[in-house]
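Since the structure is predicted, the reported quantities are computational estimates derived from the model, not experimental observations. Numbers for residues simply follow the sequence, beginning at 1.
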Amino acid sequence: MLKSEKGTAASLRLGRGMEQWSERHLRYLMLAPTVVILLALTIFPSIYMFYAAVHRVSPNPDLPWTFVGVDNFARLLTDGQFQIALRNTVVFTVVAVSIEFLLGLGLALLLDKFIRRLTFLKTVLMIPMMLPPIAVAITWKLIYEPQFGVLNEIMFRLGLPIQAWAGDVNLAMFSIIVADVWQWTPFIFLLMLAGLASLPVEPYEAAALDGASSWRQFWDLTIPFLKPVIAIALLLRVMDALRLFDLVFILTGGGPADRTKVLSLYIYQVAYRFADPGYAAAISLFVLFVTIVLSTWFMKRMRLAE
């Protein structure tokens, strides 16, 4: 009987010990699958990219990699194609994001007072953002098609000259920007509309009593209140614009005459067409560095705005 009681007491202590261990380590066990996936999909590729950037990588898997140090990064200073891609990326990012912000904010201000009555319209405005980028690119490729495209058909009926939109050196970048604005203006609109809905009412009532005009209320109240939302919207759009690939790859392939070659497309060409993964990794790290710098600057601006 005594042995049975001792066995029971030992079992109880073991059970309590297992329960305490589970309580202390359960959160880590539940996080483990996420950490493993994060390591597999993010950390490992990042380490691999850093490693490849300081090596000359042979497309032949049987040949060893050659350590070259910072040579791949030094090439950025003398690579004319990289400078063209960088310039095109900056132009696209500045112009497209600026237009998207102005249109998104304007639509949000226009519809802010009619939210309940225009629910269907808001849903329609969200459609471009919800479409897959490949579908958007193919749609605009059909719209821009020189012979049978909808846009040239409209131009013809209006008596205007037909254009090779995506194939014209002067219109190709404009065509890419229009397609991007169509797809991503709803994203800015949605964020701005949510920001406007969260604004306090009391400052506007006080300003109206003081005789402030709507324009003065917009500059002195709306813009300062929306600064954190504006910073987030611009940060997300700039980061996404720097990675533009789908539209350019399908609509123009970087042409004509490299007028629409952007950094993401150039990285793809260097890695797969020119078989130089090491240099492609160096360009990717440059884009990552620029993105981190911009993100840090935006975050500091957000903290100052608060």
Side-chain angles (χ1 to χ4, degrees), residues 89-133 135-137 139-140 143 151 154 173-244 247 291 294-306:
T89 302
V90 171
V91 170
F92 168 81
T93 300
V94 171
V95 176
V97 174
S98 299
I99 295 174
E100 289 162 9
F101 171 71
L102 294 175
L103 288 178
L105 179 59
L107 287 172
L109 291 170
L110 183 63
L111 302 183
D112 182 43
K113 297 182 180 180
F114 308 98
I115 291 176
R116 295 181 181 176
R117 296 183 223 171
L118 299 176
T119 303
F120 175 74
L121 179 58
K122 288 193 301 178
T123 303
V124 172
L125 289 174
M126 292 299 103
I127 292 177
M129 186 181 68
M130 295 185 290
L131 293 175
V136 172
T139 299
W140 280 95
I143 292 174
L151 187 55
I154 295 174
M173 180 60 75
F174 170 78
S175 302
I176 298 290
I177 291 173
V178 169
D180 191 80
V181 167
W182 179 83
Q183 183 179 14
W184 292 112
T185 294
F187 176 75
I188 303 291
F189 162 74
L190 185 63
L191 291 180
M192 294 298 104
L193 192 62
L196 290 172
S198 65
L199 296 183
V201 179
E202 293 80 6
Y204 290 90
E205 294 177 346
L209 290 175
D210 291 339
S213 63
S214 299
W215 187 252
R216 179 54 57 186
Q217 292 180 33
F218 172 75
W219 280 111
D220 293 344
L221 295 175
T222 303
I223 293 298
F225 283 141
L226 284 179
K227 276 185 178 180
V229 181
I230 292 173
I232 292 174
L234 291 178
L235 173 60
L236 294 176
R237 278 303 303 133
V238 167
M239 291 173 61
D240 193 56
L242 290 174
R243 298 182 293 108
L244 175 72
L247 283 175
T291 303
L294 289 176
S295 302
T296 304
W297 182 80
F298 270 112
M299 296 302 292
K300 287 183 178 179
R301 296 293 298 177
M302 285 179 59
R303 283 196 292 268
L304 292 175
E306 295 174 359

Distance-only criterion, 3.5 Å: show the donor-acceptor pairs between side-chain atoms of residues 184-203 and protein atoms not counting sequence neighbours.
residue : atom : partner : partner atom : Å
Thr185  : OG1  : Val181  : O            : 2.7
Ser198  : OG   : Gly195  : O            : 2.8

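- Nearest heavy atom pair, residue Ala207 against residue Leu221, reads CB-CD1, 3.9 Å.
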Stepwise side chain to side chain contact (heavy atoms under 4.5 Å, CB included) test for Leu242 and Leu294: CA-CA 11 Å; Leu242 290 174; Leu294 289 176; 4.0 Å; yes
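- Looking at residues two or more places apart in sequence or on another chain, you find a side chain to side chain donor-acceptor pair (under 3.5 Å) between Thr222 and Tyr204.
- When all heavy atoms of Val97 and Ala241 are compared, the closest pair comes out as CG2-CB, 4.1 Å.
- Rounding to the nearest 0.5 Å places CD1 of Ile230 at 6.0 Å from CG of Leu105.
- Atoms CG and CH2, on Leu247 and Trp140 in that order, are 10.0 Å from each other to the nearest 0.5 Å.
- The CD1 atom of Ile177 sits 6.5 Å away from the CZ atom of Phe92 when rounded to the nearest 0.5 Å.
- Closest of all the heavy-atom pairs between Pro224 and Trp219 is CD-O, 3.3 Å.
- Going from atom CG of Leu103 over to atom OG of Ser98 covers 10.5 Å, rounded to the nearest 0.5 Å.
- Between the CD1 atom in Ile143 and the CD1 atom in Ile154 there is a gap of 8.5 Å [rounded to 0.5 Å].
- Residues that satisfy the side chain to side chain donor-acceptor pair (under 3.5 Å) test with Glu100, not counting sequence neighbours, are Arg237.
- One finds the CG atom of Leu109 at 8.0 Å from the CG atom of Leu226 (value rounded to the nearest 0.5 Å).
- The shortest heavy-atom contact between Pro133 and Gln183 is CA-NE2, 3.9 Å.
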